[in-house]
Amino acid sequence: MTKSEALFERACKVIPGGVNSPVRAFGSVGGTPRMIASADGSHMTDEDGNTYLDFVGSWGPMILGHNHPAVREAVIKACEKGLSYGAATAREVEMAELICSAIPNLDMVRMVNSGTEAVMSAIRAARGYTGRDKIVKFMGCYHGHSDALLVQAGSGVMTAGIPDSAGVPAGCTKDTLSAIYNDAASVEQLFEQFPEEIAAVIVEPVGANMGVVPPQPGFLEALRSLCTRYGAVLIFDEVITGFRLSFAGAQGYYGIDADLVTYGKIIGAGMPVGAYGGRREIMQKVAPAGPVYQAGTLSGNPVAMAAGLAQLRVLRDDPQFYERLNAKGDWFFGEIRKIVADSGVKAQVNSCGSLGCIFFTGTPVHNYETAKTSDTRQYAAYFRYMLAHGIYLAPAQFEAMFLSATHTREELSGALETIRGFCSEQQA
Ligand code: KE4
C-alpha cells in the first residue's frame, strides 16, 4: 500500500469522500488521489516521493508557479506580525487600491474568503441595488456552491453528474434562470419574459468549468447590451480569468465593462481570498455603507493580503508577463491540436491564453450540451496515462489545464510527447 493509499483510507473515515473538495477525489478518473506533500515551480511531489509536472496549479492561483519566492517571503514576514486582527489594516487598503487600479470601471472592492463567497455577495449586491430577485446563469458555468447557483452548474457538479444539488430548497433556486452559453438569444428570451425582474446576468467570460469554452465573437457584447437595455447588472465571474488573461482580466482582454466582477484564486496566490467589486453606485449599497449585509471574520486577512499583494505586484510590474504567458498557451495548445489531428483521435482542443483542455469528442465544443458529448471514460484513460508518466492533470473532464510562468518549453515539449504517446496508443 502506498502512503497516498493509506492516507486516503484514513481520510475516508473522517472526511466525506476522503477529500475537502469533491473534484479532488479522482471519482471520475479512477485510482487513489495522490496526497501531495510539497510543490515548487511547475511541479508537485506526493507523499510517496513521486514528482509530477502540474497542470492544475491549485485550480488557478499558481500563475507564477508554486512557492514563488516573493510570495513565500511576504507570507513569512506577515506571519511574524500575527495572523489575524479582525480589524482594518493598511495592507487591505493597498490590496483594494491595487485591484481597483487594474480595471478602469472597478471603483470599489470588498475582500472575502473564497470565490463562492464573492459570487454569493455580488449576487446579493445586485439584487439589493436593483430591487429585483431573478438572476440568469449559464448551463455549465460554475460559480461556487451557494444555493442559488447550484443549478445546472459545471465543475464538480457536472463531473458528478448531479443535475442540481440535494439540500437546496426549491425556494432558493426559483429565481435562478438558466441560459445557454454562447447563445445570447437564450438570454434575450428571458429578458422578454421577465423584462423588469432580472437583477443580474452572471457569466464566466471564458467558460472554464465545463472544460474550457471561450466566448464566441459577439456573445459577451450582446450580454452587455442586453443588461444595459433592461437595467440588469452584468456580473463577470472572474474567479478563474481575473489576473489570468490580462492584468485587467477578461474585461481588459475582451474590452467589455462588467458592472460587478468577482475574483478568487490568483488574488490570494494560494491563500483563501475572494473579492467582489464594481461600480461605486452598486458597491455603496454594501454594509456598512448601505443596506446589503455581508461580513467575514477573516476577510482581508493580513497574511492572505500579503500573499495576494506579492503575487499581484509581480504581475503588475512585468509589462510582458501576459504576452509571454498567453503566447506560451497559444503554442502549447496549438501543438496539442496538431498531435490530435495527426493521430486521428476524435478530440477537440479548446483554449484561451494559458487555459485549455482536451474534450474527447468529434463535436466542436461551444456550450454545456456539446461539452457533454465528451467521452469521459476516454478522458479517464488519458488522465491515468498522463499521471503514470508524471503529469498531473485535472482529475475530471470538465475542468481546465492551467499553465504558469514556470512551465518551461522543455517541460511542455515533454508533455506533448506524452500526449502523442497516448494518442498513438488510442489508435493502435
Ligand atoms: P471557490 O469557492 O472554490 O474559491 O470558488 C468558486 C468558483 C467561483 N467561480 C468560478 C468561475 C470558479 O471556477 C470557482 C471554483 N473553481 C473550481 C475549479 N473548477 C474550484 C475547484 C474545486 O471546487 O475544488
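Both counts, for ligands and for their atoms, begin at 1 and track the order of listing. Quick caveat: nothing in here was measured; it's all calculated off a predicted structure.
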*Asks:* Classify the angle between the aromatic ring planes of Phe191 and Tyr230 as parallel (below 30°), tilted (30 to 60°) or perpendicular (above 60°).
*Replies:* parallel

*Asks:* Compute the shortest N/O to N/O distance between Arg24 and ligand 1 and return yes if it is under 3.5 Å, no if not.
*Replies:* no

*Asks:* Is there a donor in the side chain of His143 and an acceptor in the side chain of Asp237, or the other way round, less than 3.5 Å apart?
*Replies:* yes

*Asks:* Please indicate whether Arg324 has more than 12 foreign heavy atoms, meaning atoms of other residues, nucleotides or ligands, lying under 6.0 Å from its CZ.
*Replies:* yes

*Asks:* Please check atom 23 (O) of ligand 1 for a protein heavy-atom neighbour under 4.0 Å.
*Replies:* yes

*Asks:* For Ser404 and Thr406, does a side-chain donor sit closer than 3.5 Å to a side-chain acceptor?
*Replies:* yes

*Asks:* Write out the residue and atom name of the closest protein heavy atom to atom 9 (N) of ligand 1, then the distance separating them to 0.1 Å.
*Replies:* Asp237 OD2, 2.7 Å

*Asks:* With heavy atoms of Lys265 as the reference, note each atom of ligand 1 found under 4.0 Å away.
*Replies:* 13 (O), 15 (C), 16 (N), 17 (C), 18 (C), 20 (C)

*Asks:* When you measure from atom 2 (O) of ligand 1 to every protein heavy atom, which one gives the shortest distance, and what is it?
*Replies:* Thr116 OG1, 2.7 Å

*Asks:* Regarding Gln397 and Ser374, is there a side-chain donor-to-acceptor distance under 3.5 Å anywhere?
*Replies:* yes

*Asks:* Would the number of heavy atoms belonging to other residues, nucleotides or ligands and lying under 6.0 Å from CD of Glu323 be above 12?
*Replies:* no

*Asks:* Looking only at protein heavy atoms, which one is nearest to atom 12 (C) of ligand 1, and what is the separation?
*Replies:* Asn209 ND2, 3.7 Å

*Asks:* For ligand 1 and His143, I'd like to know whether there is a polar contact (N/O to N/O, distance under 3.5 Å).
*Replies:* no

*Asks:* How close does the nearest protein non-hydrogen atom get to atom 4 (O) of ligand 1, and which residue and atom is it?
*Replies:* Gly115 N, 3.0 Å

*Asks:* Show which atoms of ligand 1 fall inside a sub-4.0 Å distance from at least one heavy-atom site of Gly144.
*Replies:* 6 (C), 7 (C), 8 (C)

*Asks:* Any donor-acceptor pair under 3.5 Å linking the side-chain atoms of Thr32 with those of Ser4?
*Replies:* no

*Asks:* Does the distance from a Lys or Arg side-chain N to an Asp or Glu carboxylate O, for Lys3 and Asp48, drop under 4.0 Å?
*Replies:* no

*Asks:* With a cut-off of 4.0 Å, which atoms of ligand 1 are near a heavy atom of Glu399?
*Replies:* 18 (C), 19 (N)

*Asks:* Near Ser21, which atoms of ligand 1 are under 4.0 Å from a heavy atom of that residue?
*Replies:* 22 (C), 23 (O), 24 (O)

*Asks:* Which of the atoms of ligand 1 are close to Glu204, meaning less than 4.0 Å from one of its heavy atoms?
*Replies:* 11 (C)

*Asks:* At less than 4.0 angstrom from any non-hydrogen atom of Ile240, what atoms of ligand 1 do you find?
*Replies:* 13 (O)

*Asks:* Provide the number and element of each atom of ligand 1 under 4.0 Å from a heavy atom of Tyr142.
*Replies:* 9 (N), 10 (C), 11 (C), 12 (C), 14 (C), 15 (C)

*Asks:* Ring-plane angle category for Phe55 and Phe332, please: parallel below 30°, perpendicular beyond 60°, tilted otherwise.
*Replies:* parallel

*Asks:* Aromatic rings Tyr322 and Phe247: how do their planes relate, parallel, tilted or perpendicular, breaks at 30° and 60°?
*Replies:* tilted

*Asks:* Below 3.5 Å, N or O to N or O, backbone or side chain included: is there any such pair between Trp59 and ligand 1?
*Replies:* no

